Number of protein chains: 6
Amino acid sequence: MAKTLSFPILILCLLTFSTSDASVQDFCVADLSLPEGPEGYPCKKKVTADDFAHGGLAAPGNTSNLIKAAVTPAFAAQFPGVNGLGLSIARLDLAPGGVIPMHTHPAGNELLVVTQGTICAGFISSANAVYLKTLSKGDIMVFPQGLLHYQLNVGKGEAQAFVSFSSQDPGLQILDFALFANDLPTDLVSATTFLDPAQIKKLKGVLGGTN
Amino acid sequence: MAKTLSFPILILCLLTFSTSDASVQDFCVADLSLPEGPEGYPCKKKVTADDFAHGGLAAPGNTSNLIKAAVTPAFAAQFPGVNGLGLSIARLDLAPGGVIPMHTHPAGNELLVVTQGTICAGFISSANAVYLKTLSKGDIMVFPQGLLHYQLNVGKGEAQAFVSFSSQDPGLQILDFALFANDLPTDLVSATTFLDPAQIKKLKGVLGGTN
Amino acid sequence: MAKTLSFPILILCLLTFSTSDASVQDFCVADLSLPEGPEGYPCKKKVTADDFAHGGLAAPGNTSNLIKAAVTPAFAAQFPGVNGLGLSIARLDLAPGGVIPMHTHPAGNELLVVTQGTICAGFISSANAVYLKTLSKGDIMVFPQGLLHYQLNVGKGEAQAFVSFSSQDPGLQILDFALFANDLPTDLVSATTFLDPAQIKKLKGVLGGTN
Amino acid sequence: MAKTLSFPILILCLLTFSTSDASVQDFCVADLSLPEGPEGYPCKKKVTADDFAHGGLAAPGNTSNLIKAAVTPAFAAQFPGVNGLGLSIARLDLAPGGVIPMHTHPAGNELLVVTQGTICAGFISSANAVYLKTLSKGDIMVFPQGLLHYQLNVGKGEAQAFVSFSSQDPGLQILDFALFANDLPTDLVSATTFLDPAQIKKLKGVLGGTN
Amino acid sequence: MAKTLSFPILILCLLTFSTSDASVQDFCVADLSLPEGPEGYPCKKKVTADDFAHGGLAAPGNTSNLIKAAVTPAFAAQFPGVNGLGLSIARLDLAPGGVIPMHTHPAGNELLVVTQGTICAGFISSANAVYLKTLSKGDIMVFPQGLLHYQLNVGKGEAQAFVSFSSQDPGLQILDFALFANDLPTDLVSATTFLDPAQIKKLKGVLGGTN
Amino acid sequence: MAKTLSFPILILCLLTFSTSDASVQDFCVADLSLPEGPEGYPCKKKVTADDFAHGGLAAPGNTSNLIKAAVTPAFAAQFPGVNGLGLSIARLDLAPGGVIPMHTHPAGNELLVVTQGTICAGFISSANAVYLKTLSKGDIMVFPQGLLHYQLNVGKGEAQAFVSFSSQDPGLQILDFALFANDLPTDLVSATTFLDPAQIKKLKGVLGGTN
């Protein structure tokens with residue numbers, strides 16, 4: 001058949017083409033050894049299937065701590081395959097009574113899906129309105145970028161969730177650590193939050209903050 | 001204490017401010033009754049906590065079909081809360097032997113997390129390179145925007161996954177449906193895919209395509 | 001001269017062209033009467049020079065309150081001319097000892113320029129590092145999106161500054177109001193911030209919060 | 001064959017799915033009757049193949065004018081199919097000696113391909129550097145956003161080119177029309193351009209400007 | 001005249017200014033020797049007019065192959081001047097009966113302008129709707145990002161077109177090459193496309209695929 | 001109290017977490033020693049508070065020149081802290097009668113706030129419409145990207161303003177310098193602007209242009 005006969009020519013033609021295709025940027029797996037730019041890391045030259053998958057969220061995080069909870073991120077630094085994709089994920093594990101304390105993601109919207117247990121989650125808007133939901137397995141909820149929010153295990157057993165972000169590097173600012181786990185002077189914290197100095201010193205003491 | 005005494009004044013001042021805050025656009029829950037624009041739907045005027053959560057992914061999709069699989073999306077049309085957030089999600093259910101056939105998302109990168117079973121997934125790059133991985137519970141994998149990919153349940157039991165997207169409306173083009181489930185003439189399909197007319201007619205017959 | 005003689009033809013030609021130019025979208029002054037979308041308000045049909053200027057920041061804000069400070073925003077809602085421009089501004093007035101308390105802008109980077117007095121400003125990063133500077137007249141400082149920051153008048157007289165944002169609607173979440181000026185239950189605040197209930201109730205009382 | 005037998009079930013399953021697919025936003029053909037937003041027009045509800053094609057550039061523009069040239073745009077206002085695509089095109093026709101005078105596109109980069117004749121084109125950077133090229137049929141050249149540039153037919157016959165833009169609405173500001181074809185007072189033009197009032201008045205007279 | 005006398009001062013002042021202007025990034029011609037990032041290549045330090053023009057599309061591609069067609073891209077890798085501009089172009093040559101087979105551009109919208117002959121073009125939406133048009137010289141058509149489409153020369157002579165993209169690197173995934181020109185196992189292709197193994201093996205044989 | 005006792009565990013847990021936080025990209029202070037990319041400079045590895053503040057706008061620019069005005073920019077090249085923030089600023093100083101001559105910012109919208117004196121400012125749209133305002137201290141005005149505009153001191157004393165931009169590198173093309181301060185031949189300027197050669201030569205002479 002003529003069609004079949006002509007195929008070898010097609011192959012030559014297209015193989016050549018395919019070579020220049022090799023330079024097409026379908027993806028940009030991070031080369032973490034190079035300096036990051038505003039939009040992420042430079043791209044790794046040679047990639048394999050392993051660059052696009054990540055096993056780091058398979059095991060539960062350690063919840064033997066006060067908050068009885070753990071956040072395991074797969075952002076660009078942990079999973080270079082998300083670099084340039086505007087997308088990342090983290091795993092939340094909450095023991096009974098566990099809490100992911102009040103926090104924000106400065107650079108990304110969040111979408112949570114509960115995969116085990118019952119979670120009470122909420123966020124607070126710029127207008128100081130509170131949006132609270134109790135979520136069961138399979139339920140999803142969004143938390144808009146930069147707004148204070150939390151997740152609380154309100155069930156009897158372990159709770160687990162995956163949270164996706166609209167950024168490869170959404171950031172995470174935990175309120176207590178921002179205020180009390182550094183050397184920001186107590187007076188300055190008090191003057192800018194109206195918290196009592198005694199309260200600040202107490203939490204600073206606990207979280208290792210100074211001044 | 002002087003501080004406490006002055007607070008009422010602060011309240012008045014800031015409550016006024018808080019009122020103009022009400023117009024700040026922290027989020028933009030879709031008003032699906034209004035015409036969509038290039039960046040999504042206009043924002044709903046009044047929102048409650050229910051607008052930010054969605055229960056539609058809690059139940060498994062029906063896998064009693066040939067592909068033994070189901071995709072349940074929570075894009076802007078199903079979950080108006082993701083409108084404007086550059087983020088959405090879908091649930092995949094695959095019975096044993098089930099497959100999400102070769103497809104693309106024209107408008108979004110994808111991040112899959114396996115929540116049950118074992119999935120063999122793969123994508124093909126512009127350079128025709130194939131990236132395949134077998135993923136277990138808790139493993140994640142990315143599929144860059146617009147590239148052909150598939151997911152296959154290669155375990156013995158049910159498989160389940162959640163797939164997040166870097167778009168509130170990533171689209172979904174299933175290869176077989178694009179080629180065989182419409183009125184695109186067999187000759188045209190053959191001329192543009194090099195598939196044999198008999199093969200095309202067979203699949204058109206099965207999928208309800210005409211011409 | 002031939003050139004001059006031909007000009008009338010040019011005019012006709014280009015006036016026609018100029019008419020279709022009228023539809024070019026150089027700007028998109030907000031029509032606040034129409035529903036907002038994810039990228040801002042629909043554009044006003046007829047505009048005048050007044051739509052591009054705004055006098056609302058000319059007068060100082062009222063600093064006769066506890067924080068001895070005022071924020072006067074010119075976001076899209078106050079100044080429709082910035083709609084679609086990815087840019088807005090606000091005026092800060094701080095009486096001696098005044099403070100813009102710890103807050104974030106969920107949707108925009110900030111660039112401050114001091115126009116009067118001496119301001120101590122600082123922000124805290126996701127890594128809990130503190131960046132503090134004392135700024136005099138003419139000094140500028142940036143505050144990256146979504147990070148907690150504050151401004152404090154540390155001079156003897158009035159202080160004044162203008163803050164620009166990389167968004168027409170950067171949002172403003174004041175920490176104390178988010179935590180204490182709504183109906184978020186004291187127990188929930190305590191569980192998610194580790195603040196003592198007494199401290200929470202005290203500030204709720206002052207700021208009009210309930211529960 | 002089992003496979004074939006099961007297909008009808010697949011069809012039912014997927015047809016249902018396909019219905020919800022109908023809401024996926026693959027494109028957003030402009031509904032020009034609705035108010036434009038910062039990112040373009042709302043999307044037309046029902047589209048046909050005609051919405052994605054445009055015949056308006058098939059005929060040459062009228063070059064019987066002083067500049068001996070014509071620009072025929074296919075921006076969103078003329079070709080609603082480009083709405084939301086970040087892409088548009090225009091046709092340039094230049095009679096011998098014709099010129100597209102010094103102009104800018106405030107909102108888009110430009111890529112020119114010469115399809116007939118010989119064109120001398122150039123642009124000037126922010127650093128006042130001049131980049132000039134003489135282009136023949138099939139040659140391409142880029143003109144970065146917002147920079148002054150021009151195209152001049154330096155061949156003996158007609159010249160023709162297509163110019164693509166990285167915006168559905170790149171805008172077009174022709175220098176002479178901006179300065180001389182409106183009511184901007186001569187004194188103001190002189191004070192802000194250092195052109196002699198006589199020169200300004202001469203061109204205002206020709207181009208229909210006043211004051 | 002005083003004005004003229006003061007000009008030399010102006011020059012000194014502004015030349016200084018112009019020097020700092022030199023750092024302004026009007027454009028970012030790719031330095032292909034440096035690692036690419038998510039948004040393209042780092043910028044070349046010294047540029048000349050030659051960096052902004054490209055002659056590689058002036059000659060027709062070789063259509064002596066099965067598809068009787070050729071695609072000649074001027075993406076960032078071939079034409080570094082488009083780097084960072086969100087814009088690129090390619091030339092299509094189709095001999096009589098030639099076809100650009102079913103393909104997608106994963107990362108860019110496409111705008112085609114026919115410059116010679118008659119082309120039948122079509123694309124298929126996520127909703128499996130088919131949009132077909134027969135285009136003559138000067139006609140334009142858009143193909144939204146990531147959707148399957150093709151171009152077919154349906155005239156008697158050669159056909160030629162230029163296709164612009166809303167990306168400096170839109171990618172190109174040709175369906176037949178993605179499925180049949182690599183080592184993706186026949187069984188896997190069959191399981192994920194429902195094509196008969198014989199059909200797959202036939203095309204794999206022709207296109208050099210294995211397994 | 002049990003809560004307090006458990007805190008040390010929390011610290012250990014979170015300190016570990018905080019370490020991986022260190023890689024979060026809250027900001028991207030420019031490392032000016034590395035090659036710039038399309039979105040700005042690579043990020044400096046170690047930053048201090050000094051990287052986020054800049055004193056370069058505190059002193060007035062030198063207005064002892066013909067235009068009796070000075071522009072002092074704080075773009076990424078002068079103030080590396082704005083890199084990646086989509087925001088920058090400049091200071092304008094205008095002596096009595098001073099003018100910032102007709103110019104454009106190719107890559108950014110502008111928002112001006114008058115901090116001293118009285119300024120007449122204006123811009124011209126793509127439709128050649130003129131928008132003029134006289135602005136006093138505290139008044140603000142926007143100038144959309146890429147459009148010709150100017151600022152003129154129309155008061156009796158010094159005028160001063162700060163102009164913010166929606167880009168870390170908005171560019172600045174001063175019309176007179178683009179046309180007359182380089183080697184663009186007089187004939188070419190005349191052919192593309194319709195200015196008289198004598199006028200061009202006069203300004204070229206003054207501004208140091210050649211040809």
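Small disclaimer: the values here were computed from a predicted structure and weren't measured. A, B, ... follow the sequence lines: proteins, then strands. Residue 1 opens every chain.
Ranked by heavy-atom pairs under 4.5 Å with chain B, the first of D:Gly84, D:Cys43, D:Pro42 is D:Cys43.
Within 6.0 Å of NZ in D:Lys68 there are 12 or fewer heavy atoms belonging to other residues, nucleotides or ligands.
For the pair B:Pro35/D:Leu34, a side-chain contact is recorded, criterion being any heavy-atom separation below 4.5 Å from C-beta on.
Rounded to the nearest 0.5 Å, atoms NZ (D:Lys44) and CD (B:Glu36) are 16.0 Å apart.
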